[in-house]
Chemist: 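Dumping the structure here so I can ask a few things about it.
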Amino acid sequence: MSQDTWTERLSDYLDADMAAAERVALEAHLQACAACRGVLADLRAVGEAAAVLETPPPPRDLWPGIVAQIRGDGAPVLAFEPRRARWPLPRLAAAALVVVALGTAGVWLTWAPGPGPGAQGTAGTQVVRTAALPAVEEQDYEVALERLERTLDARREGLDPATVRVIDESMAIIDAALADAEAALARDPASAYLNRHYDATMRKKIDLMRRAADATRAVS
Amino acid sequence: MVSTLSTAAEPTAAELDRADVARAAAGDTAAFERIYRRHAGRIHGLVRRMMGPAEADDVTQEIFVRAWRKLELFRGEAAFSTWLHRLAVNVILARRQQAVRHHERFGAEEPPHERRPGRRDTTGLRMDLEAAMARLPEGARRIFVLHDVEGYTHEEIGALLGVAPGTSKSQLHRARMTLRDYLT
Amino acid sequence: MVSAFVLGVALLAAPQQQTDTTFAVSPGGRLDVELMVGQVSVESWERNAVRVRATHPSTTGVDIRHSGDVVRVDAEGRRGPPAAVTFVITVPRTFGVNIEGLSAPVEVRNVDGNLAVETTNGPITVFGGRGRLELETTNGAITVRGARGSVRAGTVNQGITLEDVEGDVQAQAVNGHISMQNVRARSVDAETVNGSVSFRGAIQENGRYRFSTHNGGVTLHVPADVSATVTVSTENGTFDSDFPVQVQGRRRGDRATFTLGTGSARVEMESFGGRIELRRIGGGEHQQ
């Protein structure tokens, strides 16, 4: 091997990234070659200096800029309180909503009809895609909705008043529709239409909450 | 990278991170500020070394804002600092990819700065190293920072930068040899 | 409203500056526009070039980057309150377009590539085009006229209007009407909560169509020779039809299904509490 070739191998040797046979050969060469020993020592010094490079704090405090983007700029506190629809207990057993995380690409909601008196008609699975917020693996629909609400609550200061009002009014519209559907289901739990309608309306609610969260993200 | 020894009574940085991440994910900006203060120096240093001083503040802010938004996605299987670090590297590389052949700007803001080579400073090896790193060509500097300063493996660097690990190794060696020339 | 207020402040505070730049691009590329407050109009021409005209206060920068066939236009000045920027951008007809805005009405004409628009406040209006349309806003009406590709439109507050559209349709609203006139599609899914859904157009062989609302009415105008299996669902509402349909034994909260022609298409009409009407294009009520 030429001198240059030996030198080229020194980094890998330093990083212990070398097959045994080659290492033995290189070490033999090092014993004989002062120049290579010198280069190796220099490379080692560079590596060691790099490993202990200190990290001084940033020249200026960046937090104000960060918090402004997180919170929006002086936006008032959100008035709306997302209302939760209540699923009657038998219904939860009948159609458990499974929230499955799909990496960072999104959260899939699927539901499969389970055993129980109310489950009819909605055969097969329906899949709705929502944004990746939050990425959870939870069996219980209510819990997933609760987490969405908490996240929204935390972010609500980022929304502007006009958007707040729109979302609030629309949320109320959806909740009223859900209440209608629940009342009807109480009288007629086997109705295929009512079950599907309730699920579709609940999907819209989640979609609205996702939009609200996306709107806070858009503030930057 | 400086490691600290902590006594049993004091919570480690990792423990503090875990607690604050949980709070911040629920919306607690005060908790996120504590996270920022613990990690800002290292992240800013990484950005500065990879991209130069001109955009370092901006990019550091972007990294933390992204981290805030993605906090729910942090599952806690690795250390938070590792997760944050990878997020930072991704942001840095994405910014670099935006560099285009033709770039027009209109308005009151100044045009983007060219990367300025560091000044030569003889007050100590560490200062010299920073200055020398600043003089490296971008590709070599990036790999040197990721491997020798930040501790990524060649496989990881290959995955991040889209190069073969072998390319990463040879670029690293060239970077070290060049730095050796500057420093001796 | 925040946007009007800010626009007012911006106009008072800073003199307006005009930017006008044109540069060559390869065809079939993409335009990305991002802004917080303002207005975006995109139109097309036959040249392989992009022209960006912007009106903005001098305190806000406009950043235009292009590389090969991707053009990115941003309004800057993200620290502090956003100032309004008006963009008028002309692209090659074959270009695709992405627009992201916070409070910004958007209008796009005659772009044949795929179009994606996402805003929080502001109407979205699209004329012509051959690509896939994906239009999302929270507070604003969506209007599409003369499109020849698929349409996916979602809004919360205010309605969706599709006219002379050829391609699959998906339309979602919460507080708004969905109106589809002269729509030729193999599949339609239109759903709102508080508002009516109306459709006039073709029902294709083996197509699938769903029209759903909670509070409002559902009205379909279809050709007399339609072949469809129609399911009508309502809880408190009513159903009326021009076609010779006998709805037998309709139970509350349940569905009633009947067949027209060969029954090849599937049509679902749902309204929890409103009027459901199936009308024949050309009129003529059936004597029941």
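Order of the sequence lines fixes the chain letters, A, B, ..., with proteins taken first and strands second; residue numbering starts at 1 for each chain.
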Chemist: With chain C as the partner, which of A:Gly65, A:Ala176, A:Ala181, A:Ser170 has the greatest number of non-hydrogen pairs under 4.5 Å?
Modeler: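 Between A:Gly65, A:Ala176, A:Ala181, A:Ser170, the count favours A:Ser170.
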
Chemist: Hey, are A:Arg187 and C:Glu235 close enough for a salt bridge, meaning a charged N less than 4.0 Å from a carboxylate O?
Modeler: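 Yes.
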
Chemist: Nearest 0.5 Å, please: how far is NE2 in A:His197 from OG in C:Ser271?
Modeler: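 If we round to the nearest 0.5 Å, C:Ser271:OG and A:His197:NE2 are 8.0 Å apart.
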
Chemist: If only side-chain N and O atoms count, and only distance matters, is there a donor-acceptor pair under 3.5 Å linking C:Thr143 with C:Thr161?
Modeler: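 No.
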
Chemist: Which residue is it: C:Asp240, C:Val218, C:Leu260? I am looking for the one with a side chain to side chain contact (heavy atoms under 4.5 Å, CB included) to C:Leu278.
Modeler: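 With C:Leu278 as partner, side chain to side chain contact (heavy atoms under 4.5 Å, CB included) holds for just one option, C:Leu260.
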
Chemist: Non-hydrogen atoms of chain A under 4.5 Å away: do they reach the side chain of C:Glu100, the backbone, both or neither?
Modeler: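 For C:Glu100, no heavy atom lies under 4.5 Å from chain A.
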
Chemist: Heavy-atom pairs under 4.5 Å with chain A are the metric here; pick the option from C:Glu268, C:His214, C:Glu136 that has the most.
Modeler: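 Greatest number of close heavy-atom pairs with chain A: C:His214.
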
